[in-house]
**Q** 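Sharing a structure below in structure tokens format, with a few things to ask.
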Amino acid sequence: MITAHEPRYRLSQNMFRQTKVIIDRSGAGQYVNDCHEESKGTGGRKSAGINYTIDAVLVCALSLIMLGRTPTLKAILNAIGDLSPAQLAEVGMSGQDTGRIFSTPAEQHRERQRFIAWLQRRLQPLDPSPDQPARRITNAEHRRIIAQRGPSEVAKYAAAGQRLRTVINLLIKGSISDPQPPGAVGDLVADESIYDLAGPRPGLGVRPDTKRGAAYCGTYYAREKNSGPMRDGDYRNGKHAFGLGLTAITRIGAGNQLHAVAPVMVAADIHGPTSGNVDALKECIEHMQHNGLDTRPPGAASWPRFIVDMGYSPKKSFPSLMFDKRYTAVFRYPEGTTLTEPSG
């Protein structure tokens, strides 16, 4: 049931300005629009009603996050309705009458459905799995959907995944006010964080007849109780859940002066949970370099340090990545770890 809504607040000009600068600097809105223009077909009819823009969506979503609110689609729509005429003009919605967003319950519902449909069409070129429903399905059904994809679908969905990575990293770029801080020599720290989307509960699991979480980007994982490795076999011991992994690289200062440069995330990649995803590291490095955030000095004699935890040490492709990207790997181990074997 949708209740009648009155605007509870209007974004202050200071908050609006902060978020607008970030979104403009990122170029993400224009990139999404370009992807939509390239993928849409010919024909169609002109929209009747409110003409929304991706810039408005991104500015309002980021404002909600900075205010500590959850950026649901309804909250974003309400935030757009709360924008002043001058603010609407700045996000490309000059002269739009947003009054129907706060009209009668029936009108609110219709407008929200229009907004959701418009946003889904606009973001469709960024969806790497449009054939997967956004609800819990069995693992057997999930595998069946993937198996039915032909070569053209596989290529199309892979391209959409790359576009999504680009948007994520453009937004990261927009959040960085100083892309080349003094004293930075290109040193980086990389780590993967795992976020649970669904905890262990009856009906969820890895067997064909059990279900996955509703977010198709996640996978089921298990690990030892004491920060042990990720495992695909025995799920009875340790932690297990349905989640996703986020690999991020962060710039740091040189040598022992780690905080001489503000530690800022410069790139990220989202994938299934792992103990260390080398492909994600490669994506992060390449997006960082493409966005002009690589701080290594031109012509430097030594390679920057690339600091990772022990999860990457057994990965066979990791040394090749470090060599190809010209980094010196530094591994961190938990306190008390023995790195040498006792002599016989």
**Q** Any Lys/Arg nitrogen of Arg163 or Glu38 sitting under 4.0 Å from an Asp/Glu carboxylate oxygen of the other?
**A** no
**Q** How long is the span from the SG atom in Cys35 to the CD atom in Gln124, to the nearest 0.5 Å?
**A** 12.5 Å
**Q** Within this structure, what is the CD-CZ distance for the pair Gln120 and Phe115, rounded to the nearest 0.5 Å?
**A**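 Between atom CD of Gln120 and atom CZ of Phe115 there are 10.5 Å.
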**Q** Please check: side-chain N/O of Ser26 versus main-chain N/O of Ala28, any donor-acceptor pairing under 3.5 Å?
**A** yes
**Q** Does Glu111 come within less than 4.0 Å of Arg114, counting only side-chain N to carboxylate O?
**A**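 Yes, charged N to carboxylate O under 4.0 Å.
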**Q** To the nearest 0.5 Å, what is the distance between CD1 on Ile270 and CG on Leu164?
**A**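 It is 7.0 Å, given to the nearest 0.5 Å.
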**Q** For the hydrophobic clusters of this structure (ILVMFWY residues joined by side-chain heavy atoms under 4.5 Å, transitively), does one cluster hold both Tyr52 and Leu123?
**A**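 Yes; Leu123 is reachable from Tyr52 via cluster members.
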**Q** Run the salt-bridge test on Asp131 and Arg149 with the 4.0 Å N-O cut-off and return the result as yes or no.
**A** yes
**Q** Quick one: are Arg305 and Leu188 in side-chain contact, heavy atoms under 4.5 Å?
**A**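 A side-chain contact under 4.5 Å is absent here.
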**Q** Report the distance from atom CG of Asn277 to atom NZ of Lys282, rounding to the nearest 0.5 Å.
**A** 12.0 Å
**Q** Give the minimum heavy-atom separation between Pro128 and Pro130, together with the two atoms involved.
**A** C-CD, 3.6 Å
**Q** Evaluate the criterion side-chain contact (heavy atoms from CB on, under 4.5 Å) for residue pair Ser175 and Met265; output intermediate values, then yes/no.
**A** CA-CA 9 Å; Ser175 71; Met265 182 194 300; over 6 Å; no
**Q** Look at the side chain of Asp309 and the backbone N and O of Arg332, then say whether any donor-acceptor pair between them is shorter than 3.5 Å.
**A** no
**Q** Would you say the side-chain atoms of Gln180 pair up with the backbone N or O of Gly292, donor to acceptor, closer than 3.5 Å?
**A** yes
**Q** Are Ile116 and Ile50 connected in a single hydrophobic cluster, I mean Ile/Leu/Val/Met/Phe/Trp/Tyr linked by side-chain heavy atoms less than 4.5 Å apart?
**A**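 Yes, one cluster joins them.
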**Q** State, with a plain yes or no, whether a side-chain heavy atom of Asp279 is found less than 4.5 Å away from one of Glu283.
**A** no
**Q** Verify the ring-centre separation between Phe331 and Tyr312: is it less than 6.0 angstrom?
**A**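 Centroid distance Tyr312-Phe331: not below 6.0 Å, so no.
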**Q** Which pair of heavy atoms, one from Ala254 and one from Asp187, lies closest together, and at what distance?
**A** CA-OD2, 3.7 Å
**Q** Looking at Lys325 and Glu286, is there a salt bridge between them, counting it only when a charged N and a carboxylate O are closer than 4.0 Å?
**A**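 Yes, this pair counts.
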**Q** Shared ILVMFWY cluster between Val57 and Met15, side chains joined below 4.5 angstrom?
**A**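 Yes, Val57 and Met15 fall within the same hydrophobic cluster.
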**Q** Examine distances only and state if a side-chain atom of Thr53 and a backbone atom of Val91 form a donor-acceptor pair shorter than 3.5 Å.
**A**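 It does hold such a pair.
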**Q** Assess whether atom NZ of Lys211 is packed by more than 12 heavy atoms of other residues, nucleotides or ligands within 6.0 Å.
**A** no
**Q** Determine the minimum heavy-atom distance between Thr250 and Pro263, stating which atoms define it.
**A**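 Residues Thr250 and Pro263, closest heavy atoms: CG2-C, 3.7 Å.
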**Q** Using every non-hydrogen atom in the two residues, find where Leu11 and Gln87 come nearest and quote the distance to one decimal.
**A** O-NE2, 3.2 Å
**Q** Check step by step if salt bridge (charged side-chain N to carboxylate O under 4.0 Å, His left out) holds for Asp269 and Arg165.
**A** CA-CA 7 Å; Asp269 191 48; Arg165 290 186 178 96; 2.7 Å; yes
**Q** In the structure I gave you, are the side-chain heavy atoms of Ile23 and Leu62 within less than 4.5 Å of one another anywhere?
**A** yes
**Q** Does the Arg296 side chain pair with the main chain of Gly186, one donor and one acceptor, at a distance under 3.5 Å?
**A**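 The answer is no, because no donor-acceptor pair under 3.5 Å joins these two groups.
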**Q** So, the side chain of Thr72 versus the backbone of Ala75: is there a donor-acceptor pair under 3.5 Å, distance only?
**A**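 Answer holds: yes.
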**Q** Determine whether the side chains of Thr274 and Glu192 contain a donor N or O and an acceptor N or O closer than 3.5 Å.
**A** yes
**Q** Does Asp127 reach the main-chain N or O of Ser129 with its side chain, forming a donor-acceptor pair under 3.5 Å?
**A**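 Yes; judged by distance alone, with no hydrogens or angles, the pair exists.
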**Q** Could you give the distance from CZ (Arg100) to OG1 (Thr104), rounded to the nearest 0.5 Å?
**A** 11.0 Å
**Q** Run Val185 and Thr295 through side-chain contact (heavy atoms from CB on, under 4.5 Å) and show every step you take.
**A** CA-CA 6 Å; Val185 296; Thr295 59; over 6 Å; no
**Q** Examine the side chains of Gln148 and Glu153 and answer whether a donor and an acceptor come within less than 3.5 Å of each other.
**A** no
**Q** Could you tell me whether the side chain of Arg25 reaches within less than 4.5 Å of the side chain of Lys173, counting heavy atoms only?
**A**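 Side-chain contact under 4.5 Å: no.
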**Q** May I have the step-by-step check of side-chain hydrogen bond (donor to acceptor under 3.5 Å, both in side chains) for Asn33 and Glu37, ending in yes or no?
**A** CA-CA 6 Å; Asn33 289 333; Glu37 290 298 321; over 6 Å; no
**Q** Taking Asn139 for its side chain and Gly205 for its backbone only, find out whether a donor-acceptor pair lies under 3.5 Å.
**A**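 Checked: pair present.
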**Q** Indicate if Leu204 and Tyr216 have the same hydrophobic cluster label, given that clusters are the connected sets of ILVMFWY residues with side-chain heavy-atom separations under 4.5 angstrom.
**A**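 They do not share one cluster, since no chain of ILVMFWY contacts under 4.5 Å joins Leu204 to Tyr216.
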**Q** Specify the closest pair of heavy atoms between Leu281 and Ala190, including all atoms of both residues, with the distance to one decimal.
**A** CD2-CB, 3.6 Å
**Q** Kindly check if the number of other-residue, nucleotide or ligand heavy atoms within 6.0 Å of CD (Gln257) is above 12?
**A**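 For Gln257, atom CD is not crowded (no more than 12 foreign heavy atoms under 6.0 Å).
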**Q** Could you walk me through whether Phe323 and Phe318 satisfy the side-chain contact (heavy atoms from CB on, under 4.5 Å) test, starting with their C-alpha distance in whole Å, then the side-chain angles of each, then the deciding distance to 0.1 Å, before giving a yes or no?
**A** CA-CA 9 Å; Phe323 183 79; Phe318 182 75; over 6 Å; no
**Q** What's the verdict on side-chain contact (heavy atoms from CB on, under 4.5 Å) for Phe306 and Thr328, showing C-alpha distance, side-chain angles and the deciding distance?
**A** CA-CA 6 Å; Phe306 197 92; Thr328 300; over 6 Å; no
**Q** Using the rule that Ile, Leu, Val, Met, Phe, Trp and Tyr join whenever any side-chain heavy atoms are under 4.5 Å apart, tell me whether Phe242 and Tyr195 fall into a single cluster.
**A**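 Phe242 clusters together with Tyr195.
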**Q** Using 0.5 Å steps for rounding, measure from the OG atom of Ser320 to the NZ atom of Lys315.
**A**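 Result: 14.0 Å between the selected atoms.
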**Q** Tell me if a side-chain donor or acceptor on Asp196 pairs with a main-chain N or O of Ala198 at a distance below 3.5 Å.
**A** no
